[in-house]
Number of protein chains: 2
Amino acid sequence: MNIGDVADLSGLPAKTIRYYEDIGLVEPLRSSNGYRSFRQSDVHKLAFLARARALGFTIEDCRSLLKLYADTDRASAEVKQIAEEHLDRIDSKIAELTEMRATLSHLVDACAGDHRPDCPILADLAMEQKAGSISKASG
Amino acid sequence: MNIGDVADLSGLPAKTIRYYEDIGLVEPLRSSNGYRSFRQSDVHKLAFLARARALGFTIEDCRSLLKLYADTDRASAEVKQIAEEHLDRIDSKIAELTEMRATLSHLVDACAGDHRPDCPILADLAMEQKAGSISKASG
DNA sequence: TGTTGACCTTCCAGTAACTGGAGGCCCTAT
DNA sequence: ATAGGGCCTCCAGTTACTGGAAGGTCAACA
């Protein structure tokens, strides 16, 4: 199977598949004309990668997961740990974004958004650290 | 003021401040010894940047916001628009992460996480597109 | 006066995970 | 023969920094 077919099947761009080969995630064969030749197992692996990436696992996570997937004797605990760590990262990110959202939404609501120059958003951004003791206290 | 002092005041690493100069966000003066010499207005600007970046505005957003900030005649609507677009991006990101979180958390809950090899997480990741018509339908 | 040591400088390279593009070969159809 | 599409490699760019090497500057101290 050529890269275009595999791209269609896995949902990954051909560029990305080549990249995944570069970094050693897949190792397709080569045809005599130099074209990459993908086996069914390669397609399966790429679909696995597409799914894991869509769930936000990093490439290095994916590498670990693929190893664990290939090892039929692995303990599910190992996989679960990777997933739980990822879940924690997701939770942190959501919390961070939610806080940003709250602040920003507050500012947006406070801004008239008209032709006049007064803008609470800029005012907040420009807010000076009056006390001086605020910013670098516990860095 | 030297870069170290400004770093302390703004909360930004010196490296980052140099980078901001590289990309034209600040233009500190230079002392005779070649050291960067920051005015109060530079410090103010950097604090503005630190705050905006903490709220997740991109560098290009920051560039626009700084321009608008410098222009005392701007309409608050312009600022509000940037902020609202950013708010939308945040909302999308939160939605995406929340969906990931739900799926992943479901899988983690389903996984025993013990010494046995059965693992619903890997099973899901490896899930084959049986129908074949699923993946590339509306690309 | 010499020498630490902290602070500053520039420049280069690397991060994560691709993406875009140039230049060129391969294959099929007309 | 020629047109087109698919494939190849290699290089560069993306975002927003961050780390490190090699070296200049400055204040303090013996």
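The sequence lines fix the lettering, A, B, ..., with proteins before strands; numbering per chain opens at 1.
Mapping K15(B) and S32(B) onto DNA chain D via the closest heavy atom, the residue that lands nearer the 5' end is K15(B). The 5' end of DNA chain C is approached more closely, in terms of each residue's nearest nucleotide, by S37(B) than by the other of Y35(A) and S37(B).
Between F57(B) and H86(B), the ring-plane angle classifies as tilted under the 30° and 60° cut-offs.
If you take CG of D61(A) and C1' of dA16(C), they are 12 Å apart, rounded to a whole angstrom. In this structure, N2(B) atom CG and dT25(D) atom P are separated by 14 Å, rounded to whole Å. Whole-Å rounding puts the Y20(B) OH to dT15(D) C1' distance at 11 Å. Residue D22(A) contributes atom CG, which lies 11 Å from atom P of dC8(D) at whole-angstrom precision. One atom, CZ of R30(B), and another, P of dG24(D), lie 17 Å apart when rounded to the nearest Å. Atoms CD1 (I3(A)) and C1' (dC18(C)) sit 14 Å apart, rounded to a whole Å. The nearest whole Å value for the distance from the CZ atom in R63(B) to the P atom in dC17(D) is 12 Å. The CZ atom of F38(A) sits 12 Å away from the C1' atom of dC8(D) (whole-angstrom rounding).
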What pairs of donor and acceptor atoms, side-chain ones from residues 104-111 of chain B against any protein atom, are under 3.5 angstrom apart with sequence neighbours left out?
none

Could you tabulate the donor-acceptor pairs under 3.5 Å formed by side-chain atoms of residues 113-122 of chain A, not counting sequence neighbours?
{"unit_1": "D114(A)", "atom_1": "OD1", "unit_2": "R116(A)", "atom_2": "N", "d": "2.9"}
{"unit_1": "D114(A)", "atom_1": "OD1", "unit_2": "S76(B)", "atom_2": "OG", "d": "3.3"}
{"unit_1": "D114(A)", "atom_1": "OD2", "unit_2": "R116(A)", "atom_2": "NE", "d": "2.8"}
{"unit_1": "D114(A)", "atom_1": "OD2", "unit_2": "R116(A)", "atom_2": "NH2", "d": "2.5"}

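Contact between the side-chain N/O atoms of N33(B) and the OP1/OP2 oxygens of dC26(D) is found at a separation under 4.0 Å. Dashed line: the shortest gap from a side-chain N or O of T16(A) to OP1 or OP2 of dA17(C) is not under 4.0 Å.
Using a 4.0 Å heavy-atom distance criterion, F57(B) is classed as making no nucleic acid contact. In this structure, R36(A) reaches the sugar-phosphate backbone alone: every heavy-atom distance under 4.0 Å involves primed, P, OP1 or OP2 atoms, never a base. The residue I23(A) sits apart from the nucleic acid: no heavy atom pair falls under 4.0 Å. Within 4.0 Å (heavy atoms only), R18(A) reaches at least one base atom of the nucleic acid.
Remark: E85(B) CD is packed, more than 12 non-hydrogen atoms of other residues, nucleotides or ligands lying under 6.0 Å away.
Using a 4.5 Å heavy-atom threshold, the side chains of D42(B) and R36(B) count as separate.
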